[in-house]
Amino acid sequence: MCGIVGCILKNDKAAPVLLDCVQGLEYRGYDSVGLATYSASGIKIKKDKGKIKEVSEKLHLEELPGEIGIGHVRWATHGLPTKENAHPHTDCTGKIAVVHNGIIENYKELKDQLEDEGHQFTSQTDTEVIPHLVEKYMSQGVGLEEAMNQTISKLHGSYAFAVISTDEPHKIMGVRKESPLILGVGDGEYFLASDAPAILQHTRRIIYLADHETFIMDADGVTVKDREGQVMDKEIETIRWTPEMAQKGGYDHFMLKEIHEQPEAVKNTLFEVSDIKKIVSKFPEFKRITFVACGTSYHASMVGKYLFEGLLGLPTDVILASEFEFAANALDPDSLVIFISQSGETADTLKALKIANKKAETLAIVNVLGSTATREADHVIFTRAGPEIGVAATKTYISQLTCIYLLVACMSGDKELLEELQQVPDHMKKVFSYEDKIKDMAAKYKDAQDFFFIGRGFSYPTALEGALKLKEITYIHGEGYAAGELKHGPLALIDDDVPVVTVVPPGKSHDRTLSNVEEVKARGARVIGLGSSEDQVLKYEAHDMVEFSPEINELISPLIYVVPLQLLSYHISVARGIDPDKPKNLAKCVTVE
Ligand code: F6R
């Protein structure tokens, strides 16, 4: 996840405005920053790795000359956070500059072709193919717009990009496809950004672009065209947001924003499939899988165990990173040891990775490019969640799960599973239509002292994750339990009014979990049921219910059923007057053992 901006002003002070705009997008990435402006002396670029403030103090970004320019904040996806990989990127001549957000899936193939044709690349990014493709088509005699359209026809993946060229100065062009992009209309001044908050200080009049729409912006205005190149009559909407809301993209908290970004996070992570296939093709025959992780990442690993054992028949262990040294002696050298960590910097996980590296093949599934885990492991898969600011992991958990499902689908050759994964973003979006109901439930249950979360099989890690979220951000005691295990002790704790959240998607453990619902109800518990909209028994038994599409079966349910549990904890936290983004005693990255 990166952020792009651009502007055409009436004066020659584009750079300070661009700088202000990228600051509004810092939540989208903070690995590196760069600006390109056009003036009589051509396109000038300043960029480097580091936070906006540091880079700006060092390079004086605001001093770039010109009334037109583009800018970028980067969250590294292809290529480490370095000056070379920072945007804007240029063609061979430096006459074309591009900023891009998204993933160009087929960039390797395009880069190879362009290099064969003599183009010189200076970065490891996927983005750099764009200015070189535009250069190639312009050198064949077409204008910038036609060159951009021909470039778009070659790209696979998700992208929002903006391009400037010295051959057609005083214009910015761009496109949106599956990555956000809006245009801003000021008083004779024009803007573009990944998100409205970036340009709020300059205009509140916004044009929302849809997928495949292109735009051309100059001092006279903005033209938007559809996929067929027809000029569109786009509505200009006036938004009412405060600068305080801006940072969070209009949401009250980063956590809520990140929960709502999960469909996008899944979509972006699914693009990893080609890299995962390549990694898998190099694997020897493993006899055992061992997952190592902490906290939420540990719960993602537990889903991995059910997948590897259920679909591949491979014996799988899941070990807490802080306990790994005690198990390391028995590590099978024919194992693949998979480390799951959003930060890639968790001390317990890194220590375990060092030990495992000496004994078996290692794979890290990590969200932060360039983090220590990515340098230490034999293989790396990236979760494309973008930066997660809220302390409680949400979209990184979903992206970790997506990677694990992809890994298992690639190792087993299960095409049906790959297809099912494509439906996950849409299933998730439907859950958001239940948010008001979940908010009401939060108000109802916010004063409970203890919660239980129960589920079997694939729903057991979901129950554990629901309980962890509750503890972290509401300070209410939450206990996740395997539904069948409840009767072996914890049932003694169930009495009047204890909320028991029951995760019971359609599947083979459904009926047995419903028997456990009967058991807790008989002891006075209040049941919150998560199940299919066609589940009449659960509807009858539960005091409150969150309904899901009946198409979501047990196997795929961990990716979707956890979303209302994240929302429930979030809304309870807010109802109790807690800041869910900064829970007490916790840190985003735990770098001590
Ligand atoms: C919970 C949470 C933590 C982390 C754990 C591991 O919401 O965020 O439990 O999951 O500290 O962190 P990573 O994944 O960075 O290794």
Side-chain angles (χ1 to χ4, degrees), residues 75 253-259 261-262 265 269 291-304 318-324 337-356 362-377 380-404 453 461-476 478 480 558 562-563 565-570 572-573 578-593:
W75 173 258
H253 296 95
F254 282 108
M255 184 181 174
L256 187 60
K257 178 167 151 289
E258 286 157 6
I259 291 172
E261 281 171 352
Q262 292 182 121
T269 304
F291 279 96
V292 184
C294 312
T296 290
S297 303
Y298 178 80
H299 298 152
S301 306
M302 286 183 68
V303 176
V318 186
I319 305 176
L320 287 167
S322 54
E323 294 288 312
F324 182 75
V337 191
I338 306 178
F339 289 82
I340 313 275
S341 174
Q342 75 81 23
S343 62
E345 298 294 352
T346 301
D348 290 325
T349 308
L350 292 180
K351 185 177 170 192
L353 176 54
K354 271 209 169 78
I355 300 171
T362 56
L363 162 71
I365 298 182
V366 180
N367 196 46
V368 181
L369 202 89
S371 57
T372 309
T374 66
R375 294 195 298 267
E376 304 257 320
V380 181
I381 301 174
F382 289 104
T383 52
R384 305 290 184 188
E388 192 174 66
I389 316 274
V391 164
T394 53
K395 63 176 180 168
T396 53
Y397 175 65
I398 289 296
S399 304
Q400 290 169 347
L401 289 180
T402 307
C403 275
I404 298 170
F453 293 76
T462 305
L464 290 173
E465 179 59 8
L468 179 62
K469 290 286 92 92
L470 186 83
K471 281 183 272 212
E472 276 187 285
I473 60 167
T474 72
Y475 315 151
I476 297 174
V562 75
V563 178
L565 301 184
Q566 298 166 336
L567 286 169
L568 182 66
S569 292
Y570 168 80
I572 292 179
S573 175
I578 295 165
D579 178 353
D581 284 342
K582 297 189 193 84
K584 68 176 188 214
N585 305 341
L586 300 179
K588 186 73 190 152
C589 180
V590 186
T591 52
V592 289
E593 281 181 41

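When a ligand or atom number is given, it counts from 1 through the structure's own listing order. FYI, side chains are in, hydrogens and waters are out, and symmetry mates aren't considered; it's all heavy atoms of this structure.
Not a single ring-ring contact (aromatic ring centres under 6.0 Å, His included) links Phe339 to another residue, sequence neighbours left out. In this structure Leu464 satisfies the side-chain contact (heavy atoms from CB on, under 4.5 Å) test together with His299, Met302, Tyr460, sequence neighbours excluded. By the side chain to side chain donor-acceptor pair (under 3.5 Å) test, Gln566 pairs with Gln262, sequence neighbours left out.
Of the inter-residue distances, the one linking Phe382 atom CZ with Cys403 atom SG reads 10.0 Å to the nearest 0.5 angstrom.
Annotation for Lys582: atom NZ does not count as buried by contact number, only 12 or fewer foreign heavy atoms lying within 6.0 Å.
With Thr296 contributing its side chain and Ala393 its backbone, the two residues share no donor-acceptor pair below 3.5 Å.
The 4.0 Å heavy-atom shell around ligand 1 contains residues Cys294, Gly295, Thr296, Ser297, Ser341, Gln342, Ser343, Thr346, Val391, Ala392, Ala393, Lys469, Glu472, ordered by chain and number.
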